Structure formats: structure tokens, C-alpha cells
Visitor: 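Before anything else, here's the structure in question.
No experiment lies behind these values; they were computed from the predicted model shown. Numbers here simply count residues along the sequence, with the first being 1.
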Amino acid sequence: MKARLSLFIFLSVLCHAQGGKKVKVDVKATRVFGPGLQPERIVFPVRYFFIEAYDKKGNRIQKSVGDSFSVQINGDTTHGSYCRKWAQVLDRYDGSYIVRYRVYQTCRGLTINVLYNNQHVADSPYKILDPVYSEDCYCPMGDITSWQELVGCPSSYAQIDEDLKNFHEVDFGLALNAAIERFNQAGSRSFCNYVIKNNKVYRKCYGLHVGFNMFMDNILHSLLRKMTLPDVEFIINLGDWPLVNPKMKPLIPIFSWCGSEDTADIVLPTYDITDSTLEMMGRVSLDILSVQSNNDIPWEQKKPQGFWRGRDSRQERLDLITLARENKDLINASLTNFFFFKDQEDKYGPKEKHVSFFKFFDYKYQINIDGTVAAYRLPYLLGGNSVVLKQDSSYYEFFYHDLEPYVHYIPFKRDLSDLIEKIKWARTNDDKAKVIAQNGRQYAQKHLMAKDVYCYHAVLLKEWSKRLNSKVDIREGMEYVPIKENEKRFGDCNCHRLGHHDEL
């Protein structure tokens with residue numbers, strides 16, 4: 001296909017069989033909405049927007065069968081050549097669709113055409129007058145408050161308010177010294193001290209295993225390309241386990257990817273969901289959008305069993321294998337790797353090959369059991385169209401406290417003693433289990449998207465910066481971590497908002 005040809009994406013859909021009568025899509029009533037329709041202003045690694053199909057009576061179409069939509073995206077570079085981009089349309093099998101696309105260089109004159117049977121849908125075509133920059137382009141929209149308002153971030157989050165309630169005014173020098181004294185003995189813990197100064201990143205790391213600092217580097221750089229962050233300083237824990245004992249004084253402010261009811265760490269979105277957001281349509285296949293489009297098996301056709309695959313990172317995972325063997329009609333569970341309990345592989349093995357995460361949803365009941373800490377797969381399990389059975393746990397991610405048992409998931413005891421009972425309850429209360437599955441999915445769609453991952457980081461950094469009572473400066477021994485502008489490989493990145501190209 002010639003490079004100058006427009007990019008077409010076709011998806012089959014959109015007739016709804018209703019009592020044997022074909023329901024037609026109304027191209028004007030059908031909704032097209034989302035941040036991806038403002039790509040010149042709202043920059044994520046992957047832009048995305050949504051299509052919701054409606055019929056001529058204004059009724060939402062709930063199934064995907066029949067005719068076709070198409071989406072066409074056109075744009076040129078500054079030099080008039082074809083603008084490199086990649087787009088996909090993801091069918092959520094409920095009458096709605098995600099259109100996502102990634103641009104790899106500055107695109108000008110971008111036009112997004114959303115068509116149904118060659119007719120424009122809603123307000124299509126969407127013509128973008130300003131340049132559309134790639135994720136790799138440094139082009140801040142303004143300060144952090146302006147960006148939050150543009151994107152529509154909440155002013156705060158209940159979890160952030162809870163985590164910061166003990167830190168009204170912080171002498172960060174004292175906090176850092178306390179962290180070094182408590183956690184850097186013989187390299188027992190790994191953490192980094194970060195400084196953001198004049199919208200540039202500096203860090204110094206402590207401990208033996210600091211490779212996970214790349215996850216913090218990447219999200220900070222992505223934020224800085226989009227907005228001007230306040231000067232701020234913080235400590236990030238690079239390990240799985242939260243560190244801060246609330247009974248030990250002074251209370252040290254440390255950011256962690258996982259929290260627990262027994263610790264006082266300040267929780268961030270996990271490196272897993274953050275990385276899958278940054279690398280979407282890149283080197284990762286599982287992300288919060290892709291998991292919504294691999295659920296083509298209707299609820300009624302799913303296998304009425306609990307399903308689980310994972311490694312041996314907790315005793316309860318071994319116990320689940322025993323339970324599954326005793327209740328093969330109710331649970332399909334196997335270990336895929338032995339690391340923590342290698343000496344028990346003969347008893348709980350043999351290990352099985354990995355199963356595509358998307359195949360998990362062939363089963364109605366998804367079992368979520370802690371690993372070393374919280375199982376970071378929960379966002380993706382919620383995003384599917386099966387119901388989640390979640391183990392009671394003291395560990396939590398940044399969003400767990402928003403979830404309600406029997407609303408978003410079915411709880412079971414930490415020792416698995418009532419898991420069989422809960423699966424049987426789900427079987428005999430199929431309608432209720434289906435509603436819980438739908439609620440969990442709706443929560444993921446509203447609160448765990450790319451926008452939400454960025455908003456949480458931005459709000460936390462802004463609120464944390466207000467608590468520092470001294471000037472933020474670059475500390476001795478810190479390393480400057482420059483932003484890489486990969487767009488140089490493909491085209492210019494002359495941000496019109498800067499007025500000049502800033503060589504970083």
C-alpha cells in the first residue's frame with residue numbers, strides 16, 4: 001500500500017437483531033466522544049475516543065452484528081509527506097467501540113473521519129487545525145493546574161487525601177536522612193530520591209537493585225512533555241513491599257506502588273498499569289483498552305468455573321491448586337512457574353504453559369489472589385467481562401478503596417475457606433453475578449483509563465509539592481535524567497508553544 005494512502009480501519013458491526021427486526025443505526029444520534037478528538041491539546045502516548053451506536057428511535061444498540069463503521073485518519077508532516085501513525089478500532093461487544101491511534105511524528109492538517117456506510121457519523125469530519133505532536137515531543141500545555149482542567153482531572157482523590165493527612169508540612173532534608181538511615185543499611189532496600197527542578201528530572205538512588213527507576217523516569221518524562229510541573233522532591237520505593245511503619249517516628253514520606261493497612265506509604269499507580277499505558281500499541285499487548293476488546297464470548301456461553309493462572313508467590317496460591325483438584329467442576333487453576341516453592345513442584349506441579357490473558361475470559365469467574373503483595377492484574381480483570389472473585393487482603397493499589405464488595409467484585413476469605421461457597425453462590429445467582437461483572441467493567445472504563453493514570457500522578461505531585469516547607473534544589477550526587485525526543489528519527493518537533501526548539 002502506498003504511504004500516501006489514507007489510513008482506513010474497518011470494523012464489522014452494528015445491526016441489532018431485535019425480535020427478528022433489523023435496527024438501523026442513526027448516524028446523527030450515534031455518539032463519538034473522548035479525549036482523542038482533541039489530539040492537539042490532550043496528548044497521551046495513545047490517543048483514544050469512543051463510538052456508541054444509537055438507532056433512529058434514540059435507543060442505544062447493545063450488540064455488534066451486521067453493517068460496518070470505518071475510521072479514516074489523514075495528516076501530513078511539515079514537509080508535506082505522509083504522517084506516520086497507527087490506528088485500531090476495538091469492539092467492546094456492547095454496541096460501543098474504542099478508536100485508538102498513535103502518531104510517530106508531528107502531524108499537520110489532521111482530519112478524523114468516522115463513517116457508517118460511507119456517511120459521516122455525529123460531527124465527523126473532525127478537523128484539527130493546530131499541529132498534533134507525538135508522545136515523544138516536548139511541548140508543555142501550561143502549568144499543572146491548567147493541564148488538569150483541560151483533561152478534566154478530579155481536584156483530588158480520597159486515597160491521596162488519606163495518604164497525605166499525616167504530612168502537613170515537611171522538612172524534606174530530615175525526611176531523606178531518616179530514610180537513608182532506616183532503609184539503606186547494607187543495601188537492604190532500594191529507593192530513589194527524585195527532584196524536579198525547572199521541569200527537569202534529577203535523581204539519586206540507594207540500594208543494590210535500582211533498575212525499576214526506569215518506570216519512574218518514564219512517567220515523569222511523559223508528564224513533563226505535557227505540562228510544567230511544580231518544583232518538587234520525593235522518595236520512591238523501588239520494591240514491591242510497602243516500607244513505612246506508622247509506629248516508627250519520624251514518619252517518613254515514601255511513595256510506593258503498593259500500600260497496605262499495616263503501613264503508611266503514599267500510593268502511586270503501579271509500575272505495571274503505568275508502563276502498559278506508556279507502551280500501549282508498542283511493546284505490550286495487554287493494557288486497559290485491549291482487554292476490553294477481547295471479550296467476544298457472551299456471558300451465557302462462558303464456562304461457569306473459577307479460573308486462575310500464575311506463579312507460586314504465596315502459600316494461598318498453592319492452596320488454590322489443592323482446592324481446584326478437589327473441585328474440578330468449579331475451579332480451573334494451575335501454576336505457570338515455581339520460584340518461591342521450588343521444593344514443592346512435585347506436589348503442586350507440573351507447571352503449565354502460560355495462557356493468553358484474553359483467554360481467561362472464556363470463564364465466568366476470575367479468581368484474584370495476592371502475589372508477593374497485591375496482584376497487579378486486578379485492573380485488567382475488572383476491564384474484562386467476567387466477574388472477579390477477590391481475596392480479602394491488607395494490600396491495596398491506588399484505586400482499591402473505591403471498590404465495593406458485591407458491587408464491583410465478590411469477596412472471599414484470605415484462607416480460601418469460603419471460595420467454593422462463593423463460586424456456588426455465583427452459579428445460583430447468575431443474574432447478580434453478571435451485574436457485578438458489568439459494574440466492575442464500568443468502573444475500569446471510568447476510572448482506570450490512560451487519563452486516570454496521568455491524572456493521579458499529576459494530582460499527587462501537585463498536592464505533595466504544597467507540603468514541602470523549603471526550597472527544592474538539586475542535591476549533591478544527583479544525576480540529571482534527560483528527556484529523549486525520539487521524534488527526531490521521523491520528523492521535526494518544533495513546539496509552537498515554546499517559540500523555539502529546546503534541545504534537551
Visitor: Who pairs with F357 by ring pair (Phe, Tyr, Trp, His ring centres under 6.0 Å), at least two apart in sequence or on another chain?
Guide: F360, F361
Visitor: Excluding sequence neighbours, so at least two apart, what forms ring pair (Phe, Tyr, Trp, His ring centres under 6.0 Å) with F44?
Guide: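 Partners of F44 under the ring pair (Phe, Tyr, Trp, His ring centres under 6.0 Å) test: Y454.
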Visitor: As an exercise, state the distance from CZ of R203 to CD1 of I236, rounded to the nearest 0.5 Å.
Guide: 12.5 Å
Visitor: With a 4.5 Å limit on heavy-atom distance, are the side chains of L335 and F338 in contact?
Guide: yes
Visitor: Given 3.5 Å as the limit, does a donor-acceptor pair link the side chain of D452 with the main chain of L448, or not?
Guide: yes
Visitor: Any pair with a residue in residues 141-165 that passes ring-ring contact (aromatic ring centres under 6.0 Å, His included), sequence neighbours left out, goes on the list, sorted by first then second residue, please.
Guide: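 For residues 141-165: Y157-Y456.
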Visitor: Apply side chain to side chain donor-acceptor pair (under 3.5 Å) to residues S222 and E135 and explain how you reach the verdict.
Guide: CA-CA 7 Å; S222 189; E135 160 65 13; 2.6 Å; yes
Visitor: Is it the case that atom CD in E261 sees more than 12 heavy atoms from other parts of the structure closer than 6.0 Å?
Guide: yes
Visitor: Please confirm whether F50 and Y97 have ring centers closer than 6.0 angstrom.
Guide: no
Visitor: Could you check if a side-chain atom of F341 sits within less than 4.5 angstrom of a side-chain atom of Q315, using non-hydrogen atoms only?
Guide: yes
Visitor: Does anything in residues 227-251 pair up under salt bridge (charged side-chain N to carboxylate O under 4.0 Å, His left out), and if so which pairs, sequence neighbours excluded?
Guide: K197-D231, E233-R475
Visitor: Who passes side chain to side chain contact (heavy atoms under 4.5 Å, CB included) against A375, sequence neighbours left out?
Guide: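 Side chain to side chain contact (heavy atoms under 4.5 Å, CB included) list for A375, sorted by chain: R317, N368, R377.
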Visitor: Between the main-chain N or O of V407 and the side-chain N or O of N439, is there a donor-acceptor pair closer than 3.5 Å?
Guide: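 Yes; judged by distance alone, with no hydrogens or angles, the pair exists.
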Visitor: Can K359 and D362 be counted as an ion pair, charged N to O under 4.0 angstrom?
Guide: yes
Visitor: State, with a plain yes or no, whether a side-chain heavy atom of R60 is found less than 4.5 Å away from one of D94.
Guide: yes
Visitor: With rounding to the nearest 0.5 Å, note down the distance linking CG in L419 to CD1 in I410.
Guide: 10.0 Å
Visitor: With sequence neighbours left out, write down each residue that passes side chain to side chain donor-acceptor pair (under 3.5 Å) with D143, or none if nothing qualifies.
Guide: S146
Visitor: Less than 3.5 Å apart, which donor and acceptor atoms pair up between the side chains of residues 167-174 and the rest of the protein, not counting sequence neighbours?
Guide:
residue	atom	partner	partner atom	Å
H168	NE2	K165	O	2.9
D171	OD1	G173	N	3.2
D171	OD1	L174	N	3.3

Visitor: So V267 and E397, do their side chains get closer than 4.5 Å, heavy atoms only?
Guide: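 In short, these two side chains do not touch, never coming nearer than 4.5 Å.
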Visitor: Let me know which of F215, F255, F398 forms a ring pair (Phe, Tyr, Trp, His ring centres under 6.0 Å) with Y271.
Guide: F215
Visitor: One thing to verify: whether D430 and K302 come together as a salt bridge, which I'm taking to mean a side-chain N less than 4.0 angstrom from a carboxylate O.
Guide: no
Visitor: Walk me through whether T277 and T274 qualify under side chain to side chain donor-acceptor pair (under 3.5 Å).
Guide: CA-CA 5 Å; T277 298; T274 302; over 6 Å; no
Visitor: Given disulfide bond (SG atoms under 2.5 Å apart), test C493 with C139 step by step and report yes or no.
Guide: CA-CA 9 Å; C493 191; C139 195; over 6 Å; no
Visitor: Say you draw a straight line from OG of S293 to CG of D91; how long is it, rounded to the nearest 0.5 Å?
Guide: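 Between S293 OG and D91 CG, I get 8.0 Å after rounding to 0.5 Å.
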Visitor: List for me each residue that meets side chain to side chain donor-acceptor pair (under 3.5 Å) alongside Q159, sequence neighbours excluded, and say none if there are none.
Guide: D163, H401
Visitor: Measure the shortest side-chain to side-chain distance between E316 and L320 over non-hydrogen atoms and say whether it is less than 4.5 angstrom.
Guide: no
Visitor: May I ask you to test the S134-Y104 pair for a side-chain heavy-atom distance under 4.5 Å?
Guide: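 Contact flag for S134/Y104 side chains = no.
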Visitor: Got a second to check how far I367's CD1 is from I331's CD1, nearest 0.5 Å?
Guide: 4.5 Å
Visitor: Could you go through the salt bridge (Lys or Arg N to Asp or Glu O under 4.0 Å) check for R283 and D275 one step at a time?
Guide: CA-CA 10 Å; R283 62 176 175 79; D275 188 55; 2.8 Å; yes
Visitor: Between D402 and Y443, does a side chain to side chain donor-acceptor pair (under 3.5 Å) hold up when you go through it step by step?
Guide: CA-CA 9 Å; D402 291 342; Y443 178 87; 2.9 Å; yes
Visitor: Would you please name every residue forming a side chain to side chain donor-acceptor pair (under 3.5 Å) with D265, sequence neighbours left out?
Guide: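 If we apply the side chain to side chain donor-acceptor pair (under 3.5 Å) test to D265, skipping adjacent residues, the hits are S256.
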Visitor: Hey, can you tell me if Y202 and Y480 have their rings parallel, tilted or perpendicular (30° and 60° cut-offs)?
Guide: tilted
Visitor: Flag yes if more than 12 heavy atoms outside R427 fall under 6.0 Å of its CZ atom; otherwise flag no.
Guide: yes
Visitor: Hey, could you give me the NE2/OG distance between H354 and S334, rounded to the nearest 0.5 Å?
Guide: 12.0 Å
Visitor: side-chain contact (heavy atoms from CB on, under 4.5 Å) for R100 and L90? Distances and angles first, verdict last.
Guide: CA-CA 8 Å; R100 64 178 184 176; L90 307 178; 3.7 Å; yes
Visitor: How far apart are the C-alpha atoms of R102 and R47, what are their side-chain angles, what is the distance that settles it, and do they pass the side-chain contact (heavy atoms from CB on, under 4.5 Å) test?
Guide: CA-CA 6 Å; R102 191 162 194 149; R47 274 84 159 184; over 6 Å; no
Visitor: Can you tell me which residue pairs pass the disulfide (SG to SG under 2.5 Å) test with a partner in residues 351-389, sequence neighbours excluded?
Guide: none
Visitor: Restricting to side chain to side chain donor-acceptor pair (under 3.5 Å), what partner residues turn up for E421, sequence neighbours left out?
Guide: none
Visitor: Check the side chains of N385 and R92 for a donor-acceptor pair under 3.5 angstrom, ignoring hydrogens and angles.
Guide: no
Visitor: Any heavy-atom pair between the side chains of Y400 and Y395 that's under 4.5 Å?
Guide: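 Side-chain contact under 4.5 Å: no.
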Visitor: Side chains of S260 and D262: is there a donor and an acceptor less than 3.5 Å apart?
Guide: no
Visitor: With sequence neighbours left out, write down each residue that passes salt bridge (charged side-chain N to carboxylate O under 4.0 Å, His left out) with D418, or none if nothing qualifies.
Guide: K422
Visitor: Do K462 and T145 have side-chain N/O donor and acceptor atoms under 3.5 Å apart?
Guide: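 Yes, a side-chain donor-acceptor pair sits under 3.5 Å.
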Visitor: Using a strict SG to SG cutoff of under 2.5 Å, would you count C192 and C205 as disulfide-linked?
Guide: yes
Visitor: Is there a side-chain contact between I436 and R441, using heavy atoms and a 4.5 Å cut-off?
Guide: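 With C-beta onward as the side chain, the pair stays apart.
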Visitor: Working to the nearest 0.5 angstrom, can you tell me the gap between K451 NZ and C455 SG?
Guide: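 If we round to the nearest 0.5 Å, K451:NZ and C455:SG are 5.5 Å apart.
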Visitor: Would you check, one step at a time, whether the test side chain to side chain donor-acceptor pair (under 3.5 Å) holds for T270 with D272?
Guide: CA-CA 5 Å; T270 67; D272 185 275; 5.0 Å; no
Visitor: As a quick check of understanding, evaluate side-chain contact (heavy atoms from CB on, under 4.5 Å) for W425 and Y406, giving each step before the final call.
Guide: CA-CA 11 Å; W425 178 89; Y406 294 106; 4.2 Å; yes
Visitor: May I ask you to decide whether R41 forms a salt bridge with D130, counting only side-chain N to carboxylate O separations under 4.0 Å?
Guide: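 D130 and R41: not salt-bridged.
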